[in-house]
Every structure is written in structure tokens, then in C-alpha cells.
Amino acid sequence: MTTATGDVEAILRHTVTCHTRDDLVAKLKRGAPLRVKLGVDPSSPDLHLGHAVQLRYLRRLQRMGHRPVLIIGEATAMVGDPTGKNTTRPVLSREQVEQNAATYLAQAGLILDLDEVEIVRNSAWFDRMTFMDAIRMGTSTTVARMLERDTFDERYKAGTPIGIHEFFYPLMQGHDSVEVRADVEIGGTDQTFNLLVGRDLMRAAGQDPQVCITLPIIVGLDGVQKMSKSLGNSIGLTDPPRDVFGKTMSLPDAAMGDYFRLLTDLADAEIEALLAGSPRDAKATLAERITAWLHGEAAGREAAAEFDRIFRDKGLPDEIPESELPADLVEPDGAWIVRVMQHLGLASSGGEARRLLKGGGVRVDDRKVDDENHRLPRGSTTLLQVGRRRFHRIRVP
RNA sequence: GGGGGAAUGCCCGAGUGGUUAAAGGGGACGGGCUGUAAACCCGUUGGCUUUGCCUACAGAGGUUCGAAUCCUCUUUCCCCCA
């Protein structure tokens, strides 16, 4: 390791806050690798770029010689993190959580080298805890302190319910830190409160309190709300290359900076140069970088080339899904386009298919069709396009 | 435990007996412009065998020619008092 202060700068690059810097310096001075805790919440299975920000950060510290400790929050997931929620979340079943945890780890492995990561399930200690232990945990904070948090404060004022169990979430998360003797805990800026509770609990347990480092939260495709699968604005780690590229291209310009800094390995100067140039080109570079990272260099290049072909040159994608219409959808005068679209999932209902047709969003063999009674002739093969990006080639028997 | 209030479409929210599949806004989707950006403009936004039919205003019953609108019970939530 280099000098302690040098490490501090490297550790805090692209982070938001650090409680406290002095503690971090002191811990580094001891020379031992830091135990860096990240609590993951297996309440939903699929990881997206928002999770990747934290996992990449963890990997960075890992490469600096520190030790990531991944807490699989099985017990906490059953409570549900109240952060940022305006309603009480349903309590998940144990089976559901187990299943999500498995998927989570598999996907986290795409970013982190899991062999070098300490993985702990917090059910290990929470299952053993007695009711009285939990009560004791509750003595370490106050209702007033909980209500200071924006999420609770807003809900309280708005008159929406707050479950008692939700107050335990931060305590549980903090207790995890005690159990694993974390030196540092990382999380998004929205986790500040939860992270700081860990310091209190560790101090109460006679331990050296952890350093809390927060990372930026990236916005989703809408450019406003945080990336979240349930909001439908996320780019999934396992999304196909074309989607990763396309979704990235649809990001608002303002989001590019964070994405570059947090999700690519480009140097700061290089990023500044890109952002100063054509936004369109910068975004294409960003999209290709991210696609290449998740799917390999070749996939990144292909996705970029294909994107240009479809959207800039208005051409067709490399691979167009193709299928044959089941015979029972074919009538004597051909196949009704509304049925076909519904069958192919290009519209979720007949009504939606009609709407798309009327709205001019449907092309048949590259010609706009707005007649909702349009039939595809028997024995034909037709290229169907809905909107700008959904294609399907359908054979009518 | 007592009293009061509320529950409307993806979300917020109007509507208190009849042209209400339900104003308005947001979101979403489609179109135009473009860089699958932003801004802006237009259209659509319960389902279906679509000039019509069916389902829908927390749930179940009831009053009425007719109910999201009135009554009863149930459920859930909020507020005040204890």
C-alpha cells in the first residue's frame, strides 16, 4: 500500500460523502486490509446498472487490497427497506428471498470476483436472536430519531401507515456491521441514515465504528427517478446487447456524466473531453463501453453498428425474430393483423393493436398500415414493425 | 374502547341519482421534429367477435325505471378523544 493519504484520495474518488474521513485515515494507518461491507437486499432478483455502481466500487477497493464483505440480507429483505418507499412493503417469504439471493449472487459474479469476497447471510445471526435481543436493539435509538428521516417524516405527515417493523430495518442493518466487524460500509446516498446507525450500534458494542461512504445514485432511463426495476427504467446486467446499447442511447444527456464516471473505466480527463464534444457521439461511446463491459468488446461493436444501421440509416436489425402463425389464426381471407400483433406480443390486447394501427405506429413490409381490418394474405411472409424498434417476420400458412 | 372522515381507472384527483368508460393532471404508448437526448406539437390510454356488446368507481347485498353517486353490512386506511 502507498501512503495513507494517497489511499484516501483513491478510495473516495467518485464518492459522495464519508463519515468520517478522520476515521478512514486512522483505519488505513493500521495497515491492515479494510473490511468493506455492502449489504445487498435480495428483495428482487435481477441486478441492474444501479447495483453495478456499488459492486464496481467494491471491486475497485478489492483491487486496492481491501476485503469486500457481502451481506446477503435475507432477514432484512423479509422486513423490506423502507428507504424511499411511500408505502409499507409486503413481507417476503423465506423461499422467495432464498431464490432471489441465488440469482443475485450469480449476477454479482459478473462484476466481482466472488472467490475473493466474504459472503455472509444475515439470517445466520438474526435467526438466533431472541425477542429480548431485539428489544435490546431497540433501546439504542429513539422514535424521534427515526422520524427525522425524510421517508418516515413524509409518510408520517402524509398520514400513510408506517409499520413498527420498519423501524427495525436500520437497526438490523446496523447490527450486521457489528457481526462482521466492518471497517467501512458503503451504500447509495439514500442509505446514509441506515449506514450511520451502524456506527452507533458498533460503538455501543464496544467496537471501533465503521466509516460510512456513500456513492451517487444513478438515475434511470427517465432521467429523474433512481434506477429501479419496478419503475421500469433500468438497464439490466443480463439485458441483451442490443437493449443495453439502445437503452443507454435513450438516456437524457444530463445523466451521461455519472454514467461515465461510475460505470466505465475511462480517465476523468477523457470523460471531460467526451462530454465537451457532441453529446450524441459521447452517448454512443458510453453505450458501446457499457455494452462491451457486460457482453464483450465484439458485442459492443456490433451493437453500435446495428444501432446506426437501424436508427441512423433506418435499416433493419441483424436478426429479426421470425415465426409461423398457428393455423387457427388464419381465416379464409388471410390473417387479421390485430390478431397477429396480439399473438406476437407486439400488442397486449386487441384494443392496443387497434390503437397502434390508428396512431400510425405499424408498418407492414415497410409500408404504414392504419387499416385495422388489414389481412396478411395466406401463404405470405411479412415483415411487421411496431414503433421504431420492434420487428417480427411472420409466415402465414 | 368512543366519535368523525375516507376508499374512483397505472398514479394523483374531479364527480354526490340519468348524454359518465367516468373531467383535469402525471405517467406510459404511438406519431411529428431530432441525436431512441431535451423542449415542443398531435393522438391514444378497460376488454371484446367494435356503428354494438361486456366489465368497471374497495367487497357483498338492497332501494330505484335508472347508482360511482342513496341505504345496510363487511374490509381497509386516516383523524380526534381515551
Side-chain angles (χ1 to χ4, degrees), chain A residues 84-88 90 154-164 218-226 228-235 239-260 274-288 290-291 303-317 328-333 335-343 345-364 367-375 384-391:
Chain A
K85 303 289 168 184
N86 47 22
T87 49
T88 306
E154 281 161 20
R155 282 164 61 183
Y156 191 65
K157 283 181 181 151
T160 48
I162 300 171
I164 297 284
I218 57 167
V219 293
L221 301 178
D222 54 272
V224 179
Q225 294 184 276
K226 81 181 225 184
S228 135
K229 193 172 176 221
S230 55
L231 290 175
N233 66 356
S234 63
I235 302 178
D239 281 355
R242 188 196 296 173
D243 289 352
V244 173
F245 195 98
K247 285 180 178 183
T248 305
M249 287 305 282
S250 76
L251 277 173
D253 291 356
M256 275 197 282
D258 272 350
Y259 274 63
F260 266 122
L274 279 163
L275 292 177
S278 149
R280 201 273 171 194
D281 292 346
K283 208 180 289 172
T285 304
L286 176 67
E288 184 168 344
I290 292 177
T291 309
E306 182 176 23
F307 183 87
D308 280 347
R309 200 160 53 246
I310 299 173
F311 295 102
R312 195 189 54 199
D313 309 330
K314 305 217 186 302
L316 298 176
D328 57 322
L329 286 178
V330 184
E331 298 158 55
D333 57 345
W336 185 26
I337 190 160
V338 168
R339 280 279 153 280
V340 175
M341 288 171 65
Q342 212 176 341
H343 167 74
L346 296 174
S348 58
S349 69
E352 193 188 337
R354 287 168 210 274
R355 247 175 263 135
L356 288 164
L357 283 158
K358 276 186 247 169
V362 181
R363 285 174 169 271
V364 173
R367 280 199 339 275
K368 185 177 287 183
V369 168
D370 58 6
D371 173 16
E372 62 179 57
N373 291 313
H374 186 82
R375 309 281 152 159
L384 214 56
Q385 180 180 0
V386 174
R388 278 177 291 183
R389 50 195 113 158
R390 293 149 80 199
F391 297 86

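Just so we're clear, the structure is a prediction, and the values are computed from it rather than from any experiment.
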* **P gap between U75(B) and A22(B), integer Å** => 34 Å
* Protein-nucleotide distance (Leu221(A), atom CG; A38(B), atom C1'), rounded to Å -> 15 Å
* Watson-Crick or G-U wobble partner for U51(B), using a 3.5 Å limit on both distances? -> none
* In whole angstroms, how far is the P atom of G35(B) from the CE atom of Met256(A)? -> 14 Å
* Asked: Is there a donor and acceptor pair, one atom on the side chain of Arg354(A) and one on the base of U50(B), closer than 3.5 Å?
  -> yes
* Structure fact -> When both distances are under 3.5 Å in a Watson-Crick or G-U wobble arrangement, the nucleotide paired with A22(B) is none
* Asked: Taking atom P in both C10(B) and C81(B), what distance in whole Å separates the two?
  -> 37 Å
* Hey, is the main chain of Asp313(A) close enough, under 3.5 Å, to the side chain of Asp308(A) for a donor-acceptor pair? -> no
* Gap in Å between the two P atoms, one belonging to G15(B) and one to C79(B), rounded -> 23 Å
* Asked: Taking CZ from Arg367(A) and P from G31(B), how many angstroms apart are they, rounded to a whole number?
  -> 17 Å
* To do: Go through the N and O atoms of the side chain of Asp222(A) and the base of G27(B), and report whether any donor-acceptor pair is under 3.5 Å.
  => no
* Please determine if a side-chain N or O atom of Ser349(A) lies less than 4.0 Å away from the OP1 or OP2 oxygen of C48(B). => yes
* Reckon Pro252(A) touches a base, only the sugar-phosphate, or nothing at all at heavy-atom distances under 4.0 Å? -> sugar-phosphate
* Taking atom P of G26(B) as reference, at what distance in whole Å does atom CG of Asn233(A) sit? -> 19 Å
* Structure fact -> Residue pair Gly351(A)/Lys368(A) against RNA chain B: nearer the 5' end by closest nucleotide is Lys368(A)
* Asked: With a 4.0 Å cut-off, would you call Arg312(A) and Asp281(A) a salt bridge?
  -> no
* Structure fact -> Asp313(A) atom CG is separated from G35(B) atom C1', nearest whole Å, by 13 Å
* **Atom-pair distance (CD on Glu372(A); P on G30(B)), nearest Å** => 19 Å
* To do: Please state whether the phosphate of C48(B), meaning OP1 or OP2, lies under 4.0 angstrom from any side-chain nitrogen or oxygen of Gln342(A).
  => yes
* **Donor-acceptor contact below 3.5 Å, side chain Arg389(A) vs main chain Gly387(A)** => no
* Asked: Which distance, rounded to the nearest 0.5 Å, do you find between the OH of Tyr259(A) and the CG of Leu251(A)?
  -> 4.5 Å
* Length of the line joining Met249(A):CE and U34(B):C1', which is rounded to integer Å -> 12 Å
* How far, in whole Å, is G4(B) from C40(B) if one measures between their P atoms? -> 48 Å
* What integer distance in Å separates Asn373(A):CG from C48(B):C1'? -> 14 Å
* **Rounded distance in Å between the C1' positions of A23(B) and U69(B)** => 16 Å
* Asked: Looking only at N and O atoms, is any donor in the side chain of Arg388(A) or the base of U36(B) less than 3.5 Å from an acceptor on the other one?
  -> no
* Structure fact -> Of the listed C29(B), G47(B), U50(B), the closest approach to the Arg355(A) side chain comes from G47(B)
* **Spacing of the C1' atoms in U16(B) and G25(B) (rounded, Å)** => 22 Å
* Expressed in whole Å, how much space separates the P atoms belonging to U51(B) and C57(B)? -> 26 Å
* Structure fact -> Of U36(B), G46(B), A38(B), the nucleotide closest to the side chain of Arg389(A) is U36(B)
* Asked: Contact class for Gly387(A) (heavy atom, under 4.0 Å): base, sugar-phosphate, or nothing?
  -> sugar-phosphate
* **Val364(A) side chain near Leu384(A) side chain, heavy-atom distance below 4.5 Å** => yes
* Taking the side chain as every heavy atom from C-beta outward, state whether Leu357(A) and Val338(A) have any atom pair closer than 4.5 Å. => yes
* Structure fact -> Taking a pair to mean Watson-Crick or G-U wobble geometry with both distances below 3.5 Å, C77(B) pairs with G5(B)
* Asked: For A39(B), which nucleotide in any strand shown is its Watson-Crick or wobble partner with both distances under 3.5 Å?
  -> none
* Structure fact -> Sorted by position of nearest nucleotide on RNA chain B, 5' first, the leading residue of Ala254(A) and Gly360(A) is Gly360(A)
* Structure fact -> Mate of U44(B) across any strand shown (Watson-Crick or G-U wobble, both atom pairs under 3.5 Å) is A28(B)
* To do: Could you work out which one of U50(B), G31(B), G35(B) sits closest to the side chain of Lys283(A)?
  => G35(B)
* Taking the side chain of Asp253(A) as its heavy atoms from C-beta onward, which of A37(B), U36(B), G46(B) lies nearest to it? -> A37(B)
* Between Lys247(A) and Asp243(A), does at least one N-O distance fall below 4.0 Å, as a salt bridge requires? -> no
* Expressed in whole Å, how much space separates the C1' atoms belonging to U63(B) and C73(B)? -> 15 Å
* Asked: Looking only at atom types and distance, does a side-chain atom of Glu372(A) sit under 3.5 Å from a main-chain N or O of His374(A), one as donor and one as acceptor?
  -> no
